[in-house]
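Keep in mind that what you see is a predicted model, and the values were worked out from it rather than measured. Below, chains carry the letters A, B, ... as their sequence lines are ordered, and counting in each starts from 1.
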2 protein chains.
Amino acid sequence: MEKHSDYHHGSLRRALIETGLELISEKGVSAFTLRELAKRAGVSTAAPYHHFRNKAELLEAMAAEGWRMMGEGFEASSAAEETPMERLYAIGRAYITFALEHTPYFRVMSRPDLYCTEEESDYSGTGLEVFEMLKSAVTECYPDRDRSDPVIQATVLNAWVQVHGFSMLWIDGPIRTTSLGKLGVEELMKLLFKTPVTG
Amino acid sequence: MEKHSDYHHGSLRRALIETGLELISEKGVSAFTLRELAKRAGVSTAAPYHHFRNKAELLEAMAAEGWRMMGEGFEASSAAEETPMERLYAIGRAYITFALEHTPYFRVMSRPDLYCTEEESDYSGTGLEVFEMLKSAVTECYPDRDRSDPVIQATVLNAWVQVHGFSMLWIDGPIRTTSLGKLGVEELMKLLFKTPVTG
DNA sequence: TGAGTATCTTAACGGCGTCAAGATTGGAGA
DNA sequence: TCTCCAATCTTGACGCCGTTAAGATACTCA
């Protein structure tokens, strides 16, 4: 990538995504502002509109990138495991790990109202691929069962709900402010994945 | 409550909360605007500031009211059950039922960044009482165990994470857009609460 | 009845997302 | 190498937002 003049930034689109995530990390996604982002990126207020139609489209690009990264994390972490069940656990850990290590990405990803124009309309590329990977991982734990088997459906639902619920409640604060918070993430993940009977 | 003149609304505080929740229900919490709320309530732009210091305080009042309602729902639904375990399931159902039947309340409640000034600072009155009720319900399922017993901690964590994760993923859309959505809420809750081994 | 307080309005400020119009630049084709 | 076009960026503006100061109105209670 060549260095350009002062007038033409050269790779503003990339810079907007990265600096935007920094900004979200500092002040939260609801206080995230296009004008401040432009200022920090060293361009004018209107410059971002040559790379994204509006603010929602920038957030959508962030979310899509995050979902892709999470999918790659799924593959990387499950590839190292031997059994289907271990691969499923690895995926669950990868979900939570991503949420905690790439919190600004996850914050945008888990707010579809920010970047999905309407209900169901353009819901593709928003994590459905990740959901399918989870579903496949569960299916391979029960090779003799159909994909619509209640056991599979229940396990998929439970795994999804667990990793998502834990991630949200951890990064938003509730878990950390209660007695559970003292146990730390690692211990809580062990508890979560070993619970024999659900509440 | 007497009817007042046109100039003095009479019960503006209450009207702002209720009309505000209507507005949130229609356009989402991120598009919720004080100015539009004032217009719909038939008062001037500055009128709400005589009842709430700012927008965050209005949202905080909504959230506090929602948490109180959810707590009452917990008590009402668990009182009808015989065994501790049945009471715990009833509380779990009550959590999800509240999120689905009072979605605008739940949307505000589950966005502590909107009404909590800083991290941990004023986190009281934001659902910790509800968490304590859940914890008590779990503790009574294991009368011979200490409150810090790992089994109890795990069950509390799992129950919380399940009901919260399911509620979020349902009202935000993801679950409904996948194959799981076809099963409906009732069926999914049965699957969730019966899963013998977690994902 | 009159004073004081609670409540509401008007008008303004700066910041926001967005857009139209114009300036600058990089690069493809002569 | 020159020319011109498309891509990129800036300036300046619009309407809407949250918030506040100053003043108007109405209820309350002595």
Item checked: side-chain hydrogen bond (donor to acceptor under 3.5 Å, both in side chains) partners of residues 92-104 of chain B, not counting sequence neighbours, each pair once -> B:Y95-B:H164
Next item on the list: Report the distance from atom NE2 of A:H50 to atom P of C:dC19, rounded to the nearest whole Å.
Entry: 12 Å
Notebook entry, point to check: A:V130: what forms a side chain to side chain contact (heavy atoms under 4.5 Å, CB included) with it, not counting sequence neighbours?
Noted result: A:W67, A:M70, A:F74
Margin query: If I take atom CD in residue A:E57 and atom C1' in nucleotide C:dG17, what distance separates them, rounded to the nearest angstrom?
Written below: 14 Å
Next item on the list: Find the bend of the helix from C:dT1-D:dA30 to C:dA30-D:dT1 as the angle between its two terminal axes (five pairs each), to the nearest 10°.
Entry: 0°
Item checked: Sequence-distant partners of B:T45, side chain to side chain contact (heavy atoms under 4.5 Å, CB included), two or more places apart -> B:R35
Checklist line | Any residue meeting salt bridge (charged side-chain N to carboxylate O under 4.0 Å, His left out) with B:E57, in chain and number order, not counting sequence neighbours | finding: B:R53
Next item on the list: Send over the distance from B:K55 NZ to C:dG15 P, rounded to a whole Å.
Entry: 18 Å
Check: In residues 21-49 of chain A, which residues come under 4.0 Å of DNA chain D by heavy atom?
Finding: A:R35, A:V43, A:S44, A:A46, A:A47
Next item on the list: Using whole Å, report how far NE2 of B:H51 lies from P of D:dT19.
Entry: 16 Å
Only distances under 3.5 Å count here; give the side-chain donor-acceptor pairs of residues 178-189 of chain B to other protein atoms, sequence neighbours excluded, each with its distance to 0.1 Å.
| from | atom 1 | to | atom 2 | distance (Å) |
| --- | --- | --- | --- | --- |
| B:T178 | OG1 | B:I175 | O | 2.9 |
| B:T178 | OG1 | B:L180 | N | 3.3 |
| B:S179 | OG | A:K135 | NZ | 2.8 |

Notebook entry, point to check: For A:F131, which residues count as a ring pair (Phe, Tyr, Trp, His ring centres under 6.0 Å) partner, sequence neighbours excluded?
Noted result: A:W160
Margin query: Can you measure A:F52 atom CZ to C:dC19 atom C1' for me and round it to whole angstrom units?
Written below: 18 Å
Margin query: I'd like to know whether CD of B:E26 has more than 12 heavy-atom contacts from other residues, nucleotides or ligands below 6.0 angstrom.
Written below: yes
Checklist line | B:N54 CG to D:dA21 P, straight-line distance once rounded to whole Å | finding: 14 Å
Next item on the list: Let me know the distance between CZ of B:R13 and P of C:dA6, rounded to the nearest Å.
Entry: 15 Å
Next item on the list: Under the salt bridge (charged side-chain N to carboxylate O under 4.0 Å, His left out) rule, collect the residues that match up with A:K27, sequence neighbours excluded.
Entry: A:E36
